[in-house]
**Student:** 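The following block contains the structure, expressed as structure tokens.
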Amino acid sequence: MHLLTSFAVALAAGSTALAAPLERRAAKVNELVGYAAGTTGGGSGTGTTVTTCAALTAAAKVGGVIKINGVLAGCGIIKVISNTSILGVGAASGLTGSGFQVRLATNVIIRNLKLSVAPEGKDLIDIDESTKVWIDHMDLASVGLTGDKDTYDGLLDAKHGSDFLTFSWIKFHDHWKGSLVGHSDNNAAEDTGKLHVTYHHNLFENVNSRLPSVRFGTAHIYSSCYISGLTSGINSRMGAQVFVEETSFTNTNLAIVTNLDSDLPGSANEKNNLYANSPTRITQKGTYTPTYAYTVDPAASACAIARASAGVGIVTF
Ligand SMILES: *[C@@H]1O[C@H](CO)[C@@H](O)[C@H](O)[C@H]1NC(C)=O
């Protein structure tokens with residue numbers, strides 16, 4: 001409560017006060033941390049730059065380093081193979097009316113891209129049966145909380161035994177179904193012991209639910225900002241375990257919940273979070289914490305840091 005109050009006062013004091021939380025950022029913006037550690041994608045070469053959907057589709061079949069320059073429209077679903085990096089050039093590159101599918105792949109990096117409005121019924125990024133995937137500094141959105149919630153699927157989903165994933169510095173916004181980890185209560189055989197995901201320094205704003213939803217898996221969520229999650233925030237279910245720390249929730253219903261919409265509950269461990277008009281419902285308290293090294297920023301700074309340093313144009317290629 002003290003932190004929240006002092007932060008609100010700092011905000012009210014105007015732009016000079018806003019700089020204060022940013023100065024306290026300890027985490028590096030250009031660093032792979034967490035479960036996807038060791039992912040190298042297409043390596044460090046210059047790679048191929050593409051400016052059309054046809055060129056992107058062709059390059060994706062070969063893999064390596066692929067740079068997208070500009071906003072490409074209507075590419076459909078681009079299949080991403082192992083040992084690939086897909087990187088946005090500058091501060092305004094991405095895809096619209098398109099999405100990525102990472103399937104039966106390992107060692108994939110996708111960074112600095114603005115993706116909006118997947119093809120109907122599809123995810124913007126869909127990760128299936130894949131390992132070592134780092135999604136970083138992205139802007140992921142559709143048209144907002146309007147129309148049928150099932151018109152589009154998820155912004156960033158991971159399913160079918162995928163594992164060792166890091167989703168960092170991403171702006172998830174204006175969408176119904178955010179990030180689904182584990183797609184079905186009936187998929188224990190494939191998912192149990194898999195689906196380890198690190199989420200850090202993300203902004204979830206005006207996304208209805210699944211922030212994320214985790215079945216069977218393990219999610220570490222830290223130094224993130226949640227604003228206006230209408231239905232539910234972090235949903236731990238079917239024996240999943242989550243550890244949520246140094247995260248700020250504002251106007252987010254069921255900011256952390258462990259017994260929503262599944263046959264069995266999950267567990268949640270939580271530490272140093274701020275909840276403003278954001279109730280939790282933790283029916284099963286967990287003890288999970290990760291064993292890797294990482295640097296947190298305080299919950300009171302999480303929103304200012306995510307607004308300033310998540311999304312596109314921060315790390316550039
Ligand atoms: C990915 O790269 C590694 C290291 O060079 C190589 O051993 C592996 O075969 C590659 N995988 C695929 C599917 O190309």
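Counting starts at 1 for both ligands and their atoms, following the listed order. The chain is numbered in sequence order, starting from 1.
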**Student:** Are the aromatic ring centres of His201 and Tyr222 under 6.0 angstrom apart?
**Tutor:** yes

**Student:** Can you find a protein heavy atom under 4.0 Å from atom 5 (O) of ligand 1?
**Tutor:** no

**Student:** Can you name the residues that form a salt bridge (charged side-chain N to carboxylate O under 4.0 Å, His left out) with Asp150, not counting sequence neighbours?
**Tutor:** Lys177

**Student:** Note the single closest protein heavy atom to atom 1 (C) of ligand 1, along with its residue, its atom name and the distance in Å.
**Tutor:** Asn83 ND2, 1.4 Å

**Student:** Quick one: look up the protein heavy atom nearest atom 13 (C) of ligand 1 and list residue, atom name and how far away it is.
**Tutor:** Ser82 CB, 3.6 Å

**Student:** Taking atom 9 (O) of ligand 1 as the reference point, report whether a protein heavy atom occurs under 4.0 Å from it.
**Tutor:** no

**Student:** Salt bridge or not between Asp139 and Lys171? Use side-chain N to carboxylate O under 4.0 Å.
**Tutor:** no

**Student:** Should the pair His137 and Trp169 be assigned to parallel (<30°), tilted (30 to 60°) or perpendicular (>60°) ring geometry?
**Tutor:** parallel

